[in-house]
Trainee: 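Sharing a structure, written as structure tokens. Questions coming.
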There are 2 protein chains.
Amino acid sequence: MQMYSTDMTGRQKIFAMDSLFRALADRTRLRLLNLMAGQEICVCYFIEVTEESQPKISRHLAYLRRAGIVAARREGKWMHYRITEPQDAAGRRVLREVLSWLREDKAMQADRARLARACCKPEKFVSIQGAPPPTALAISTRTSSSRMEAR
Amino acid sequence: MQMYSTDMTGRQKIFAMDSLFRALADRTRLRLLNLMAGQEICVCYFIEVTEESQPKISRHLAYLRRAGIVAARREGKWMHYRITEPQDAAGRRVLREVLSWLREDKAMQADRARLARACCKPEKFVSIQGAPPPTALAISTRTSSSRMEAR
DNA sequence: AGAATACATTTGCATGTGCGTATGTGTCTA
DNA sequence: TAGACACATACGCACATGCAAATGTATTCT
């Protein structure tokens, strides 16, 4: 059985749908999601890889968090973000196809390559000295069980 | 070989991605796409089924048309709209998953049921007297070949 | 040609969104 | 406990978007 965050009118799931697409309707947020695909990442890596300002990154991460697409975890000074898959199977398939679409994109591949470089040689990137590197996540077929701090 | 509407910077495909999601980021537009899934539909049916104002429907159809997601065809007084699938395979998979997501939604199912009723008993709906009924489309594995009036 | 039909577009307004800048908050270190 | 660090949030601005209401346009009918 699926559990929807539905209200009396039964239309809440619709809201969740266009809400998801609003969250995806921004290039910066797509870049962040692309970098999070399959791994949990520290904010400083986002800033380093995208070369965007810290508040801008933080704002978009907050947007994704409010949309329920990502979750955050604190580790000392650092904040780690990871993708949380939708509860219903169809929404999960959509998000996965989106991520696989991102994976095929040239600019997104460039971002991932830059992330890999930053992880291999963190000493070359002043901003991420000592920051915990990204950690791969389980195949995450789980439906958002064992959830962490979502807000 | 795929053909991207790419510019000198090679980033145009990214634009196409968040552009698609902006088009999907509205409940009314999702309702219209749901009704168009697999068939070509006349505008008056959209108005009848959604019970929204005519300018509102027309505006959202224009939005989808500008985003390249739907195409229009004129038949006398009537305008027919249908979904045009993205050129690249990954984008096409995304859109298909979105449509299948819509198919599972209760409110979307209600819309489709109401459309079916309007088609079976057009005499009960004053606004669509004599309007051409929706016509099923081919499986449309074609990549937007044989394109019609897109704008 | 003139009226009716079926849509499309424009206008004015309210709201949402993205951005840089500035400032606040939680954590570690000295 | 004071400062540095990593990040989050508030503020003000410019711009995009959604809406209703009004108007414009293409087509058919008489």
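For clarity, every value in this text was computed on a predicted model and none was experimentally measured. Chain identifiers are assigned alphabetically (A, B, ...) following the order of the sequence lines, protein sequences preceding nucleic acid strands; residue numbering begins at 1 within each chain. Heavy atoms only: backbone and side chains are in, while hydrogens, waters and symmetry mates are out.
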Trainee: Without swapping roles, check the side chain of A:T28 against the backbone of A:I57 for a donor-acceptor pair under 3.5 Å.
Mentor: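 Between the backbone of A:I57 and the side chain of A:T28 there is no qualifying donor-acceptor contact (under 3.5 Å).
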Trainee: Which parts of nucleotides 13-27 of chain C does protein reach within less than 4.0 Å, heavy atoms only, written one letter per nucleotide 5' to 3' as B for base, S for sugar-phosphate only and - for none?
Mentor: ----SSBBBB---SS
Trainee: How long is the line joining CD1 of B:I57 and P of C:dT9, in whole Å?
Mentor: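 It works out to 15 Å between those atoms.
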Trainee: I need the CG-P distance between A:L61 and D:dA6, as an integer number of Å.
Mentor: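 Going from CG in A:L61 over to P in D:dA6 covers 16 Å.
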Trainee: Name all residues meeting the side-chain hydrogen bond (donor to acceptor under 3.5 Å, both in side chains) criterion together with B:D111; count only those two or more places apart in sequence or in a different chain, and write none if there are none.
Mentor: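 Testing B:D111 for side-chain hydrogen bond (donor to acceptor under 3.5 Å, both in side chains), a comparison that skips the adjacent residues, returns B:R31.
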Trainee: A:A37: what forms a side chain to side chain contact (heavy atoms under 4.5 Å, CB included) with it, not counting sequence neighbours?
Mentor: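 Partners of A:A37 under the side chain to side chain contact (heavy atoms under 4.5 Å, CB included) test: A:L99, A:R112.
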Trainee: Output the rounded distance in Å from CD1 (A:I47) to P (D:dA8).
Mentor: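 It is 8 Å, rounded to the nearest whole Å.
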Trainee: Excluding sequence neighbours, so at least two apart, what forms salt bridge (Lys or Arg N to Asp or Glu O under 4.0 Å) with A:R29?
Mentor: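 Residues passing salt bridge (Lys or Arg N to Asp or Glu O under 4.0 Å) with A:R29: none at all.
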Trainee: Nearest-Å distance, CH2 (B:W78) to P (D:dT28)?
Mentor: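 For the pair B:W78 CH2 and D:dT28 P, the rounded distance is 9 Å.
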Trainee: Without decimals, in angstroms, what is the distance between B:H80 NE2 and D:dT27 C1'?
Mentor: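 So the two atoms are 13 Å apart, to the nearest Å.
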Trainee: Atom CZ of B:R66 and atom P of D:dA16: how far apart are they, to the nearest Å?
Mentor: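 It works out to 13 Å between those atoms.
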Trainee: Tell me every residue that passes side chain to side chain contact (heavy atoms under 4.5 Å, CB included) with A:R103, counting only those two or more places apart in sequence or in another chain.
Mentor: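 With sequence neighbours excluded, A:R103 shows a side chain to side chain contact (heavy atoms under 4.5 Å, CB included) to A:S100, given in chain and number order.
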Trainee: Tell me whether A:E85 is salt-bridged to A:R96, with the criterion being a basic N under 4.0 Å from an acidic carboxylate O.
Mentor: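 Yes, A:E85 and A:R96 are salt-bridged.
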Trainee: According to side-chain hydrogen bond (donor to acceptor under 3.5 Å, both in side chains), who are the partners of A:Q109, at least two apart in sequence or on a separate chain?
Mentor: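 A:Q109 satisfies side-chain hydrogen bond (donor to acceptor under 3.5 Å, both in side chains) with no other residue.
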Trainee: For A:R59, give me all partners under side-chain hydrogen bond (donor to acceptor under 3.5 Å, both in side chains), at least two apart in sequence or on another chain.
Mentor: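 With neighbours one apart ignored, the set is empty.
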Trainee: Quick check on D:dA8: is either OP1 or OP2 less than 4.0 Å from any side-chain nitrogen or oxygen of A:Y81?
Mentor: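 True: A:Y81 side-chain N/O within range (under 4.0 Å) of D:dA8 OP1/OP2.
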Trainee: Between C1' on D:dA16 and CZ on A:R27, what's the gap in Å once rounded to a whole number?
Mentor: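 It works out to 19 Å between those atoms.
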Trainee: Expressed as a whole number of angstroms, how long is the span from B:R31:CZ to D:dG18:C1'?
Mentor: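 In whole Å, D:dG18 C1' and B:R31 CZ are 16 Å from each other.
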Trainee: Listed by chain and number, what are the side-chain hydrogen bond (donor to acceptor under 3.5 Å, both in side chains) partners of A:K77, not counting sequence neighbours?
Mentor: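 Checked A:K77 against side-chain hydrogen bond (donor to acceptor under 3.5 Å, both in side chains); zero matches.
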Trainee: Considering the terminal five base pairs at each end of the helix from C:dA1-D:dT30 to C:dA30-D:dT1, what angle separates the two local helix axes, rounded to 10°?
Mentor: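 Axis angle across the helix from C:dA1-D:dT30 to C:dA30-D:dT1, nearest 10°: 10°.
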